[in-house]
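Structure first, commentary second.
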Amino acid sequence: MNLLKILMQRELRLIMRTGYLLRLISLFLVLMTLFIFGHIIHSEPEILKILLLVQFLSITIFIPESLGYEYHNNTLAETAIAGRGTLLIILAKMLIYWFVNSIISLVFLIPYINYPTIGFYIGIVVATSLLITAISLFVSILTINLNRNTPLVLLIASPLYIAFLLYGTSMIDHAGTAFVATKTLSDLKILWSFCLIIVPSSIFSCSYLLSRIE
Amino acid sequence: MLTCHNITLENPSSTVFFKLNFSALPGSISIIKGPNGSGKTSLLKIIVGLIRDYSGDILWNNTNTKISIETFQQNVCYIGQANALIPDFSVKENLKFYASLKGNIGLLDSALHYFDLNKVATNRINNLSAGWQRKVELSKLILSDASLWLLDEPDNSLDEDSLANLDGLLKAKTRDGRGVVIVTSHRQIGDKVSYINMLDFKK
């Protein structure tokens with residue numbers, strides 16, 4: 001537990017120091033501004049779509065970047081050796097990226113959401129962030145393991161992203177109906193079920209892949 | 001005690017080294033020598049578990065490291081040819097993180113003091129010269145209580161004073177019973193050392 005805490009502290013410091021937070025907030029501001037000036041925001045689900053899009057973009061861009069950064073300055077291998085295994089490195093990275101993205105998303109989301117539906121939207125943001133983080137970490141480590149053969153990785157990973165995007169889009173379309181709608185609640189349950197399956201399996205597979213890095 | 005038994009490393013076009021054998025005893029320094037490309041760095045990476053595609057056995061206190069590489073790694077301090085430092089962190093932050101990993105945060109001040117890093121403690125790594133960066137990397141030795149040190153060209157970029165400090169550290173720690181395996185192609189370190197010549201294991 002103490003080791004996980006140390007790794008998470010370092011990850012958080014790395015995020016702050018490498019300008020991740022600033023870039024994430026800038027990405028939100030740019031997209032929100034574009035959407036607002038385009039007058040296409042009519043409802044809460046529209047806002048949610050923007051948030052999910054930003055989450056998707058930020059996590060899928062920045063996690064590979066962060067992992068590549070550590071790989072190239074040799075600290076990834078050193079931490080794996082000195083830190084007694086790779087499982088905790090993956091877990092720490094995933095928890096921090098999930099936490100930071102969820103928090104930032106919620107900061108932007110909350111002013112736009114009416115009270116009765118807030119729980120539902122928070123659930124979607126938190127679950128989505130967790131899901132994308134897990135998938136993105138898996139793809140990043142796969143990329144490193146396959147000697148940065150990006151086309152091959154994209155070929156393997158695209159179905160994961162596409163399936164998630166299709167599902168996410170349909171779910172958000174349903175979300176406008178109402179918080180109390182049974183269909184929406186069941187969609188949220190399915191999303192959480194995805195998380196419960198994908199997240200632990202990603203952690204273990206990432207850890208295995210990372211341990212194979214030469 | 002570390003024992004390498006019949007280690008062979010092959011790449012797609014050739015054999016890097018063939019049936020390499022050597023032992024590193026507690027309290028001794030073993031120096032791996034050889035020309036560029038003879039596999040010195042690869043040998044250290046094999047020992048520490050960063051390369052797994054090899055044949056042969058590595059025994060740590062008579063237990064094969066393949067059985068539990070993580071247990072073995074807890075007993076090893078590996079300093080690679082390239083530094084493992086986060087460029088956007090300060091000297092102190094880098095060492096503090098390593099000390100935390102090793103559970104030796106109390107030794108942080110000693111580590112900063114040994115290579116005279118106090119004056120650059122708050123500087124970021126990417127603002128330091130190669131020599132200072134190497135000294136930060138080597139300071140991790142102070143923070144590690146590992147019983148085996150694996151050092152790949154530790155003397156790169158060091159000035160005369162720092163080389164003397166490094167030699168003093170190596171001698172002191174081997175007296176305490178640590179085993180040290182060093183890859184170096186540049187110089188002698190003391191008299192009581194054993195040499196492994198990579199050219200002896202060419203196919």
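Lettering follows sequence order; numbering is per chain, from 1. Any value given below was found using the heavy atoms of this structure, including those in side chains, with hydrogens, waters and symmetry copies removed. Fair warning: this is a prediction, and the values are worked out from it, not measured in the lab.
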Taking the side chain as everything from C-beta on, heavy atoms only, tell me whether [X] gets closer than 4.5 Å to [Y].
{"X": "Thr79(A)", "Y": "Phe97(B)", "answer": "yes"}
{"X": "Leu50(B)", "Y": "Ile81(A)", "answer": "yes"}
{"X": "Arg10(A)", "Y": "Glu93(B)", "answer": "no"}
{"X": "Asn73(A)", "Y": "Leu85(B)", "answer": "no"}

task: Answer with side chain, backbone, both or neither: which region of Phe89(B) has an atom nearer than 4.5 Å to a non-hydrogen atom of chain A?
output: both

task: Would you mind checking which part of Glu137(B) comes under 4.5 Å of any heavy atom in chain A, side chain (CB onward), backbone (N, CA, C, O), both or neither?
output: side chain

query: Among pairs that include at least one residue of residues 108-119 of chain B, which meet side-chain hydrogen bond (donor to acceptor under 3.5 Å, both in side chains), considering only residues two or more places apart or in two chains?
result: Asp116(B)-Lys119(B)

message: Quick one: does any side-chain atom of Asn74(A) pair with a main-chain N or O of Asn83(B) as donor and acceptor, under 3.5 Å?
response: yes

message: Walk me through whether Asp88(B) and Leu14(A) qualify under side chain to side chain contact (heavy atoms under 4.5 Å, CB included).
response: CA-CA 8 Å; Asp88(B) 291 297; Leu14(A) 203 57; 5.5 Å; no

- prompt: Salt-bridged, Glu78(A) to Lys140(B), with N to O below 4.0 Å?
  reply: yes

message: Counting only heavy atoms from other residues, nucleotides and ligands, does the tally under 6.0 Å from CH2 of Trp98(A) exceed 12?
response: no

- prompt: Counting only heavy atoms not in Lys66(B), do more than 12 fall under 6.0 Å of its NZ?
  reply: yes

message: Please determine whether side chain to side chain contact (heavy atoms under 4.5 Å, CB included) holds for the pair Ile86(B) and Glu70(A), giving the CA-CA distance in whole Å, both sets of side-chain angles, and the decisive distance to 0.1 Å.
response: CA-CA 8 Å; Ile86(B) 296 178; Glu70(A) 287 184 61; 5.6 Å; no

- request: Determine which pairs satisfy salt bridge (charged side-chain N to carboxylate O under 4.0 Å, His left out) with at least one residue from residues 196-205 of chain A, sequence neighbours left out, and list them in order.
  value: none

